[in-house]
Amino acid sequence: MHRFEELKIWQKAMNITENCYRTTENFPVEEKYGLTSQLRRSAVSIPSNIAEGAGRNTNGEFMQFLGIANGSSYELLTQLYLSKRLNLITEEKVRPIISEILEVTKMNYSLQQSLKQS
């Protein structure tokens, strides 16, 4: 088991989630149960799966949850791109979040590789 609070990937994923929540506060009210909800659920899924995997008994189980977190990262990217295309978010606001997500996906891959080797 790993202390997930100490994992840099989890900390960065929490920052992404916080940024997504703050960004979607300004989305139209008619998106409350649509894109706003989807974005928030995808964002929350990333650190949640990292934490759940860290609490599992084997590296294989941890890797499985990291894979789920990675899928949620790509889901979130898609929703952010759509939000930008629909003019719900500006390039200025979306670009830093996308950069953070891409960094987390790279960290995720590296962590998975290190778990495979141990």
Side-chain angles (χ1 to χ4, degrees):
M1 290 193 351
H2 302 81
R3 290 193 40 85
F4 69 88
E5 301 95 337
E6 296 174 4
L7 295 172
K8 288 191 188 300
I9 187 173
W10 179 83
Q11 294 167 5
K12 288 184 179 287
M14 288 292 286
N15 290 341
I16 290 167
T17 303
E18 183 180 343
N19 289 336
C20 285
Y21 264 78
R22 293 191 193 289
T23 299
T24 56
E25 285 175 351
N26 300 319
F27 276 26
V29 77
E30 62 266 16
E31 285 299 331
K32 181 178 182 179
Y33 300 108
L35 208 44
T36 301
S37 177
Q38 281 292 115
L39 273 159
R40 290 177 173 188
R41 283 197 315 259
S42 296
V44 167
S45 178
I46 301 167
S48 297
N49 277 292
I50 294 167
E52 186 170 355
R56 294 299 175 132
N57 295 321
T58 67
N59 285 350
E61 288 177 298
F62 193 4
M63 287 173 47
Q64 180 181 357
F65 282 92
L66 288 173
I68 295 167
N70 204 49
S72 294
S73 296
Y74 282 92
E75 184 179 358
L76 181 57
L77 283 169
T78 298
Q79 293 158 0
L80 288 168
Y81 291 135
L82 179 59
S83 297
K84 185 178 173 304
R85 288 174 74 163
L86 295 172
N87 296 314
L88 299 174
I89 189 171
T90 65
E91 177 72 27
E92 180 182 306
K93 283 194 174 198
V94 79
R95 186 55 44 201
I97 300 171
I98 288 171
S99 293
E100 286 182 304
I101 296 167
L102 294 174
E103 184 179 353
V104 164
T105 60
K106 289 175 187 172
M107 292 173 76
N108 190 327
Y109 178 78
S110 295
L111 180 53
Q112 287 183 55
Q113 295 307 307
S114 71
L115 289 170
K116 275 184 192 175
Q117 294 170 1
S118 62

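What's counted below: heavy atoms across the whole structure, side chains too, no hydrogens, waters or symmetry copies. If you're wondering where the values come from, they're calculated on a predicted model, not measured in any experiment.
The side chain to side chain contact (heavy atoms under 4.5 Å, CB included) with S83 is formed by just one residue from the set T90, T24, T36, I89; it is I89. When each of I50, V44, N49 is tested with I46 by the rule side chain to side chain contact (heavy atoms under 4.5 Å, CB included), just one qualifies, namely I50.
Using a 4.5 Å cut-off between side-chain heavy atoms of Ile, Leu, Val, Met, Phe, Trp and Tyr, with links allowed through other members, L102 and L66 fall into the same hydrophobic cluster. Note on V104 and Y81: same hydrophobic cluster, where clusters join Ile, Leu, Val, Met, Phe, Trp and Tyr whose side-chain heavy atoms are under 4.5 Å apart, directly or indirectly. Residues M107 and M14 fall within the same hydrophobic cluster, defined by Ile, Leu, Val, Met, Phe, Trp and Tyr side chains chained together at heavy-atom separations under 4.5 Å. By the criterion of side-chain heavy atoms lying less than 4.5 angstrom apart, applied directly or through intervening Ile, Leu, Val, Met, Phe, Trp or Tyr residues, L77 is grouped together with I9 in one hydrophobic cluster.
Between the side chain of S45 and the backbone N or O of R41 there is no donor-acceptor pair closer than 3.5 Å. Although no hydrogens or angles enter the test, the distance criterion places no donor-acceptor pair under 3.5 Å between the side chain of E31 and the main chain of P28. In terms of modelled atom types and a separation under 3.5 Å, the side chain of E61 and the main chain of G53 share no donor-acceptor contact.
Here the CD1 atom belonging to I101 is positioned 11.5 Å from the CD atom belonging to E103, to the nearest 0.5 angstrom. Summarising the geometry, atom CD belonging to E92 is positioned 12.0 Å from atom NZ belonging to K84; distances are rounded to the nearest 0.5 Å. Within the model, atoms OG of S37 and CZ of R40 stand 8.5 Å from one another, a figure rounded to the nearest 0.5 Å. Expressed to the nearest 0.5 Å, how far OG of S99 lies from CZ of R95 amounts to 6.0 Å. For the atom pair K116 NZ and Q112 CD, the distance stands at 7.0 Å (nearest 0.5 Å). Taking OG of S48 as the reference point, atom CD1 of I68 lies at 11.5 Å (rounded to 0.5 Å).
Looking only at side-chain heavy atoms (C-beta outward), L86 and L35 come within less than 4.5 Å of each other. The shortest distance between side-chain heavy atoms of S73 and N108 does not fall below 4.5 Å. Proximity of E75 to Q38: side-chain heavy atoms (C-beta onward) are separated by under 4.5 Å at one or more points. Annotation: side chain of L82 is not in contact with side chain of L88 (no heavy-atom distance under 4.5 Å). Residues Y74 and T78 fail the side-chain proximity criterion, which asks for heavy atoms closer than 4.5 Å. In this structure the side chain of L80 never reaches within 4.5 angstrom of the side chain of T23, judged on heavy atoms. Between L111 and F62, the closest side-chain pair of non-hydrogen atoms falls below 4.5 Å.
Heavy-atom contacts from other residues, nucleotides or ligands closer than 6.0 Å to CD of E91 number more than 12. The neighbour count for Y109 OH, taken as heavy atoms of other residues, nucleotides or ligands under 6.0 Å away, does not exceed 12.
Here the shortest heavy-atom pairing between S42 and Q79 reads OG-OE1, 3.0 Å. Minimum heavy-atom separation, F65 to R56: CZ-NH2, 3.4 Å. Across all non-hydrogen atoms, the minimal contact from P47 to W10 is O-CD1, 3.3 Å. A43 and T17 make their closest contact through O-OG1, 2.9 Å (heavy atoms, listed as atom of the first residue, atom of the second, distance).
No side-chain donor-acceptor contact under 3.5 Å links E100 and N15. A donor-acceptor contact under 3.5 angstrom links the side chains of N59 and S118, judged on distance only.
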